[in-house]
A.B. asks: 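This is the structure I have questions about; it appears just below.
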Amino acid sequence: MADNQQPDLHAMRHSLAHIMATAITHLYPGVKLGVGPVVENGFYYDVDLPGDKQLSDEDFAAIEAEMKKVIAADQPFERFTKPVDEAIAWAKENSQPYKEQLLNDLKRAGTTVAKDLDPEQLGLAAGDESKVSEVSFYRNGDFTDLCRGPHVASTGKVGAFKLLRVSGAYWRGKETNPQMQRVYGVGFATDKELRQHLAMLEEAKKRDHRKLGQELDLFVFSPLVGAGLPLWTPRGTVLRNELDRFVQEMRDEAGFEQVAIPHITKKDLYEKSGHWSKFKDELFKITTREGHEYAMKPMNCPHHTQIYASKPRSYRDLPIRYRDTTMVYRDEQSGELGGLSRVLCITQDDAHVFCRVAQAKDEVLHLWDIIERFYSAVDIPLRLRLSLHDPANQDAYMGPEEKWVEIENVMRGIAKERVGDGFIEAVGDAAFYGPKLDFLGRDAIGREHQVATVQFDFGQPEGFDLRCVNEEGDDERIVMVHCAVMGSLERFLSVYIEHTAGRFPVWVAPEQIRIATVNQDETIVAFAQDVAAKAKKLGLRATVDTD
RNA sequence: GCCACCUUAGCUCAGCUGGUUAGAGCAUCAGUUUUGUAAACUGAGGGUCGUCGGUUCGAAUCCGACAGGUGGCUCCA
């Protein structure tokens, strides 16, 4: 829910959702309605059209025209209430099975327990846990809808709007439920604001990394190689290498050592780490000709633990810090792939620290320093999110809950010490092996993306029995700290390309110097080539342009 | 994976309801030009219309499958 918009704008958008539903009801009698809430910049309504009718963009003009008629009629929005049983009867009479289902939930539970459903969509006040005896409706003209409101006084007072797209959406967000059609629109108080918003969308389109990636010759896709598998051109590879080199230089200063690992492993490694059972759907699996099962690595930490575990470690050796920029592979659902934001092969600028519990805090802080230096260099402001486990779903996590709470308190303490109250907490966003400090970067046109991450891991050291010999000569369990600065190079570059609109600073630019000659006279061209050669000797990326 | 839409030259796109050798701009190449502030002139090459199959006398155009893409849904260790 968009919570920072003016209340009347919220009411306008909510009213637009009703007006759209009114129009669709007029055009497609017998339509079954789902929910129609306000979202950022606009609204949507989920509809299930009679017969096999499927909406497409071409139907928008007719729907918009019908909406304009409803708006021109300036019908008042009238609120009234009904006892819940009468409301259920109303839904039955009007063949609105989705509304009926919502009402039944309201009656039975007093609220929609399904946390995937916003109570606001149900005509129910948020936080209202009591049993519901009455529900509210809104009526405009010949259209009546179960709704909490609020609405504007009449349909003439909704400002400017435009329908943008239609897509599939599962009823109540559940994959196993029937799929409805979700019609999205945007709404603003004035035409001018609507035009500005549409202009912003145009700007975002211009910056689209998929478009710029092709125009700037940074990466390509091949249908023969497959979806979600970007191929990096020489120019794009320069970008990747320069950014990574900067991160790795900072890490080396902080005592990291580079390691290298194979991209596949026997299944045994992931049986021990817990990946085989927890993430088996996302593992790319390989069976050898002898029938042995292998998998492409979906992450690097299990491999790295085996380097650590290869010999006895003294407390004097710790912390041991490995860094490794390498690809991991995840078998994502085909429909989720898109550009560089979501790929099957993810290049992680990964790092793992093996240390004693008491050393972990300093390690986290040093890694945090590197993250801050990096994002200040690429001019992307960061916001911290502390990602915690979900107590309601403890089975999804390694280890006992007390341990989680203890470690999360330590992480929260570190965050408080460093940024005060300047961070948010997200229950359920932790990794299965430990809580995370996630960093959200804000790009030049205001969008936020998750980029860097620092993770505290006590699960895997336990699973792999990682230890050191302490001062007393006893075995001591160690902990791991994971850190990726760019996270995924692919995803980071999708953000960075759009952030800079392809105008990269000189230090990462694939082409730093272009020498253009005024004509194609031999001596002049030779001179230009000589200058370019000298520049290259100095380590600069120079080209000659004789056109 | 699910729903909708899309796929014509290297790029951006025309090709109406199926009917002669599929077009344009930019880019490329060749020749001309050598002119100081954001697209010089002339010409040429380049496409089995995503792939495979079907309907039809005839398919870029209609149907199906597959692949790839876009927007969402679901998912994202």
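Below, chains carry the letters A, B, ... as their sequence lines are ordered, and counting in each starts from 1.
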A.B. asks: Could you work out which one of U74(B), C76(B), C73(B) sits closest to the side chain of Arg342(A)?
C.D. replies: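 Looking only at side-chain atoms, Arg342(A) lies closest to C76(B).
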A.B. asks: Can you name the salt bridge (charged side-chain N to carboxylate O under 4.0 Å, His left out) partners of Asp244(A), sequence neighbours left out?
C.D. replies: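 Once residues adjacent in sequence are excluded, Asp244(A) has no partner under the salt bridge (charged side-chain N to carboxylate O under 4.0 Å, His left out) criterion.
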A.B. asks: If I take atom CD in residue Glu332(A) and atom P in nucleotide C75(B), what distance separates them, rounded to the nearest angstrom?
C.D. replies: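 Going from CD in Glu332(A) over to P in C75(B) covers 13 Å.
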A.B. asks: Rounded to whole angstrom units, what separation is found between the CD atom of Gln450(A) and the P atom of C75(B)?
C.D. replies: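 Taking atom P of C75(B) as the reference, CD of Gln450(A) is at 16 Å.
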A.B. asks: My understanding is that only residues two or more places apart in sequence, or in another chain, count here; which of them pass salt bridge (charged side-chain N to carboxylate O under 4.0 Å, His left out) with Arg383(A)?
C.D. replies: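 Partners of Arg383(A) by the salt bridge (charged side-chain N to carboxylate O under 4.0 Å, His left out) criterion, ordered by chain and then number, come out as Glu448(A).
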A.B. asks: Could you state the CE-P distance from Met299(A) to C76(B), rounded to the nearest angstrom?
C.D. replies: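 From Met299(A) CE to C76(B) P: 13 Å.
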A.B. asks: What integer distance in Å separates Asp390(A):CG from A77(B):P?
C.D. replies: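 The answer, rounded to whole Å, is 13 Å.
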A.B. asks: Pick the P atom in A24(B) and in A44(B), then give their distance to the nearest Å.
C.D. replies: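 Rounded to whole Å, the distance is 11 Å.
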A.B. asks: Is there a donor and acceptor pair closer than 3.5 Å between the side chain of Gln181(A) and the base of C3(B)?
C.D. replies: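 Under the 3.5 Å cut-off, the side chain and the base do not form any donor-acceptor pair.
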A.B. asks: For Gly335(A) and Ala169(A), find the nucleotide of RNA chain B closest to each by heavy atoms; which residue's nucleotide sits nearer the 5' end?
C.D. replies: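 The residue whose closest nucleotide sits nearer the 5' end is Gly335(A).
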A.B. asks: Excluding sequence neighbours, so at least two apart, what forms salt bridge (charged side-chain N to carboxylate O under 4.0 Å, His left out) with Asp46(A)?
C.D. replies: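 For Asp46(A), the residues satisfying salt bridge (charged side-chain N to carboxylate O under 4.0 Å, His left out) (neighbours in sequence not counted) are Arg182(A).
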A.B. asks: Among residues at least two apart in sequence or on other chains, which ones pass side-chain hydrogen bond (donor to acceptor under 3.5 Å, both in side chains) with Thr347(A)?
C.D. replies: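 Thr347(A) satisfies side-chain hydrogen bond (donor to acceptor under 3.5 Å, both in side chains) with Arg240(A), Glu490(A) only.
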A.B. asks: Restricting to salt bridge (charged side-chain N to carboxylate O under 4.0 Å, His left out), what partner residues turn up for Arg323(A), sequence neighbours left out?
C.D. replies: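 Asp252(A).
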A.B. asks: Considering only the C1' atoms, how many Å lie between C57(B) and C62(B), rounded to the nearest integer?
C.D. replies: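 Going atom to atom, C1' in each nucleotide, I get 16 Å.
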A.B. asks: In chain order, what residues pass the side-chain contact (heavy atoms from CB on, under 4.5 Å) check against Asp217(A), with sequence neighbours excluded?
C.D. replies: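 side-chain contact (heavy atoms from CB on, under 4.5 Å) check on Asp217(A) returns Thr233(A), Arg235(A).
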A.B. asks: When the distance from CD of Glu271(A) to P of A77(B) is rounded to whole Å, what number comes out?
C.D. replies: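 Rounded to the whole Å, the gap is 22 Å.
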A.B. asks: Can you name the residues that form a side-chain contact (heavy atoms from CB on, under 4.5 Å) with Leu239(A), not counting sequence neighbours?
C.D. replies: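 Testing Leu239(A) for side-chain contact (heavy atoms from CB on, under 4.5 Å), a comparison that skips the adjacent residues, returns Leu218(A), Leu493(A), Phe504(A), Val508(A), Pro510(A).
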A.B. asks: Write down the distance between CD (Glu336(A)) and C1' (C3(B)), rounded to a whole number of angstrom.
C.D. replies: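 That distance rounds to 14 Å.
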A.B. asks: What's the closest nucleotide to the Gln455(A) side chain, out of G72(B), A77(B), C73(B)?
C.D. replies: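 Closest nucleotide to the Gln455(A) side chain: A77(B).
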A.B. asks: With sequence neighbours excluded, what pairs up with Glu425(A) under the side-chain contact (heavy atoms from CB on, under 4.5 Å) test?
C.D. replies: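 By the side-chain contact (heavy atoms from CB on, under 4.5 Å) rule, Glu425(A) matches Leu386(A), Leu388(A), Arg412(A), Phe423(A).
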A.B. asks: If the C1' atom of G47(B) is compared with that of A22(B), how far apart are they to the nearest Å?
C.D. replies: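 G47(B) and A22(B) have their C1' atoms separated by 8 Å.
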A.B. asks: Do the ring centers of Tyr184(A) and Tyr44(A) come within less than 6.0 Å of each other?
C.D. replies: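 Between Tyr184(A) and Tyr44(A), the centre distance is under 6.0 Å.
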A.B. asks: Choosing from U74(B), G72(B), A77(B), which nucleotide comes nearest the side chain of Tyr170(A)?
C.D. replies: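 The answer is U74(B), which lies nearest to the side chain.
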A.B. asks: How far does the C1' atom of C6(B) sit from the matching atom of U61(B), given to the nearest Å?
C.D. replies: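 It comes out at 15 Å once rounded to the nearest Å.
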A.B. asks: Would you tabulate the pairs of protein nitrogen or oxygen atoms and nucleotide nitrogen or oxygen atoms of nucleotides 7-12 of chain B closer than 3.5 angstrom?
C.D. replies:
unit_1, atom_1, unit_2, atom_2, d
C11(B), O3', Gln214(A), OE1, 3.4

A.B. asks: Considering only the P atoms, how many Å lie between A67(B) and U21(B), rounded to the nearest integer?
C.D. replies: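 So the two P atoms sit 34 Å from each other.
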A.B. asks: Give each protein N/O atom lying under 3.5 Å from an N/O atom of nucleotides 68-70 of chain B, with the pair distance.
C.D. replies:
unit_1, atom_1, unit_2, atom_2, d
U70(B), OP1, Arg210(A), NH1, 3.1

A.B. asks: When Watson-Crick pairs (N1 to N3 and N6-O4 or O6-N4) and G-U wobble pairs (N1-O2 and O6-N3) count only below 3.5 Å on both distances, what is the dot-bracket string of RNA chain B, with | for other-strand pairs?
C.D. replies: (((((((..((((.....[...)))).(((((.......))))).....(((((..]....))))))))))))....
A.B. asks: Using the C1' atom on both, measure G71(B) against U56(B) and round to a whole Å.
C.D. replies: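 It works out to 35 Å between them.
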A.B. asks: Between atom CZ in Arg182(A) and atom C1' in C3(B), what is the gap in whole Å?
C.D. replies: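 Checked: the CZ to C1' distance equals 12 Å.
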A.B. asks: With Trp368(A), which residues qualify under ring pair (Phe, Tyr, Trp, His ring centres under 6.0 Å), at least two apart?
C.D. replies: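 For Trp368(A) the ring pair (Phe, Tyr, Trp, His ring centres under 6.0 Å) partners, ignoring immediate neighbours, are Phe439(A).
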A.B. asks: Taking C11(B) as the reference, what is the distance to A27(B) when you measure between their C1' atoms (whole Å, please)?
C.D. replies: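 That atom pair is separated by 7 Å.
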A.B. asks: Could you tell me whether Phe432(A) and His275(A) have their ring centroids closer than 6.0 angstrom?
C.D. replies: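 So the answer is yes for these two rings.
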A.B. asks: Leu163(A) has an atom CG; how far is it from atom P of C5(B), in whole Å?
C.D. replies: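 Value for this atom pair: 17 Å.
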A.B. asks: Using the C1' atom as the point on both nucleotides, what is the distance between G25(B) and A9(B), in whole Å?
C.D. replies: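 Per the computed distance, 12 Å lies between those C1' atoms.
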A.B. asks: If you apply the rule side-chain contact (heavy atoms from CB on, under 4.5 Å), what do you find for Ile19(A) with Phe161(A), and how did you get there?
C.D. replies: CA-CA 11 Å; Ile19(A) 291 167; Phe161(A) 75 98; over 6 Å; no
A.B. asks: Looking just at side-chain N and O atoms, do Thr543(A) and Glu511(A) make a donor-acceptor pair shorter than 3.5 Å?
C.D. replies: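 There is such a pair between these side chains.
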